[in-house]
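Take a look at the structure set out below.
Note: hydrogens, waters and symmetry copies are ignored here, and every other heavy atom, side chains too, is used. Chain A is the first sequence line, chain B the second, and so forth, proteins listed ahead of strands; every chain is numbered from 1.
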Protein chains: 2
Amino acid sequence: MVTKQLTGSPEDADLARAGSLAREIFSNVANKWAFLIVEGLGDRTLRFSELRSEVEGISHKMLTQNLRMLERYGLIERTVYATVPPRVEYTLTEPGQALRATVDGMCGWTRRYFGHIEAARRRFDA
Amino acid sequence: MVTKQLTGSPEDADLARAGSLAREIFSNVANKWAFLIVEGLGDRTLRFSELRSEVEGISHKMLTQNLRMLERYGLIERTVYATVPPRVEYTLTEPGQALRATVDGMCGWTRRYFGHIEAARRRFDA
DNA sequence: CTGTATCCTTTGGGATACTG
DNA sequence: CAGTATCCCAAAGGATACAG
């Protein structure tokens with residue numbers, strides 16, 4: 001039998017390694033705007049402007065920037081209709097939907113521990 | 001019967017509302033350093049310096065800053081031993097452990113879709 | 001409507017030094 | 001060792017204007 005490889009394949013890339021691609025993906029995706037976009041999109045197909053009003057407080061720039069990032073990683077699909085004015089629709093891909101489960105988990109977590117956290121926060125600030 | 005309240009209680013605070021406390025919590029916690037700290041801590045109890053070497057690439061400043069934030073929200077417990085030199089230990093609380101489940105989910109997600117994402121990324125960049 | 005680019009302000013974040 | 005504070009640069013991010 002072969003001993004377990006110490007240097008993993010790309011598939012095993014350790015998230016802890018600051019320079020790894022896995023870490024890059026993790027770091028880019030684990031930010032509030034990406035999460036709020038994924039959550040706002042859900043299983044729907046939304047236009048840029050619809051998505052923007054869905055994600056409260058996001059600026060035009062942040063929305064495009066994060067949409068590009070998510071598209072680059074293949075988490076969303078971008079469909080352009082060559083009409084005038086242009087119509088662009090966004091929808092989560094399968095990897096995007098899978099990520100959505102994680103984000104949903106965090107939303108649930110926030111709701112569930114809202115009381116705990118609020119109390120801890122008040123205690124700490126005192 | 002009563003109709004469903006349109007203005008929810010704090011417990012129902014909508015994450016989507018940019019100004020809400022729930023959104024503040026979500027936005028602060030959903031960042032790479034917080035996630036990596038939670039993941040690095042796991043179910044262990046680590047000292048500041050141990051945690052720092054666990055979370056590769058984090059600076060002294062970012063570590064303290066995020067630890068304060070997590071402590072403020074009651075996600076980690078900070079224990080100070082009045083020795084010299086001082087010894088400070090960090091461990092996840094129950095809400096912190098619950099969050100860890102979410103973070104673990106995202107780590108799994110990253111490993112699972114690493115191939116998809118890498119391929120999409122190359123396609124996009126071409 | 002969507003997207004890019006520019007400008008400008010704010011914040012993030014590293015390095016260093018200093019205190020308990 | 002752990003924490004705070006300072007300095008300073010780079011990146012985030014908002015506002016605006018413009019192009020397709």
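Taking atom CG of residue B/L63 and atom P of nucleotide C/dG13, one finds them 13 Å apart after rounding to whole Å. Computed from coordinates, the B/Q65 CD to D/dA5 P distance equals 12 Å when rounded to whole Å. Atom CD of B/E56 is separated from atom C1' of C/dG14 by 16 Å (rounded to the nearest Å). Note: CE (B/M69) to P (C/dT11) measures 17 Å, nearest angstrom. The distance from atom CG of A/L70 to atom C1' of C/dG3 is 16 Å, rounded to the nearest whole Å. C/dT4 atom C1' lies 13 Å from atom CE of A/M62, rounded to whole Å. Going from atom CD1 of A/I58 over to atom C1' of C/dT2 covers 15 Å, rounded to whole Å. Between the CD atom of A/E50 and the C1' atom of C/dT2 there is a distance of 13 Å, rounded to whole Å.
Heavy-atom nearest nucleotides on DNA chain D were determined for B/R68 and for A/N66, and the one closer to the 5' end corresponds to B/R68. When each of A/L67 and A/K61 is assigned the nucleotide of DNA chain C bearing its nearest heavy atom, the one mapping closer to the 5' terminus is A/L67.
Both B/L63 and B/V80 belong to a common hydrophobic cluster when Ile, Leu, Val, Met, Phe, Trp and Tyr are linked at side-chain heavy-atom distances under 4.5 angstrom.
Remark: of the listed residues B/R87, B/R47, B/E89, B/E89 is the sole one forming a side chain to side chain donor-acceptor pair (under 3.5 Å) with B/Y81.
A donor-acceptor contact shorter than 3.5 Å is absent between the side chain of B/R78 and the backbone of B/Y90. In terms of modelled atom types and a separation under 3.5 Å, the side chain of B/W109 and the main chain of A/A101 share no donor-acceptor contact. Side-chain atoms of A/T93 come within 3.5 Å of backbone atoms of A/L75 as a donor-acceptor pair (strictly under, hydrogens ignored).
Heavy atoms of B/R52 sit nowhere under 4.0 angstrom from any nucleic acid atom. Within 4.0 Å (heavy atoms only), A/Y90 reaches sugar-phosphate atoms of the nucleic acid but no base atom.
At the phosphate of C/dG3, OP1 or OP2 sits under 4.0 Å from a side-chain N or O atom of A/R78. For the OP1/OP2 pair of C/dT2 and a distance below 4.0 Å, the side-chain nitrogens and oxygens of A/R47 include at least one atom meeting the criterion. In this structure, A/S49 reaches the C/dT2 phosphate: one of its side-chain N or O atoms is under 4.0 Å from OP1 or OP2. Between D/dA2 and B/R87, no contact under 4.0 Å exists linking OP1 or OP2 to a side-chain N or O.
Checking D/dA2, C/dG14, D/dG14 against every side-chain atom of B/W33, the shortest atom distance belongs to C/dG14. The side chain of B/F48 sits closest to D/dG3 out of C/dG13, D/dG3, D/dC1. Here the side chain of B/P86 is nearest to one of C/dT2, D/dC1, D/dG3, namely D/dC1. Minimum atom distance to the side chain of B/H60 is reached by D/dT4, of the listed D/dT4, C/dT4, D/dC1.
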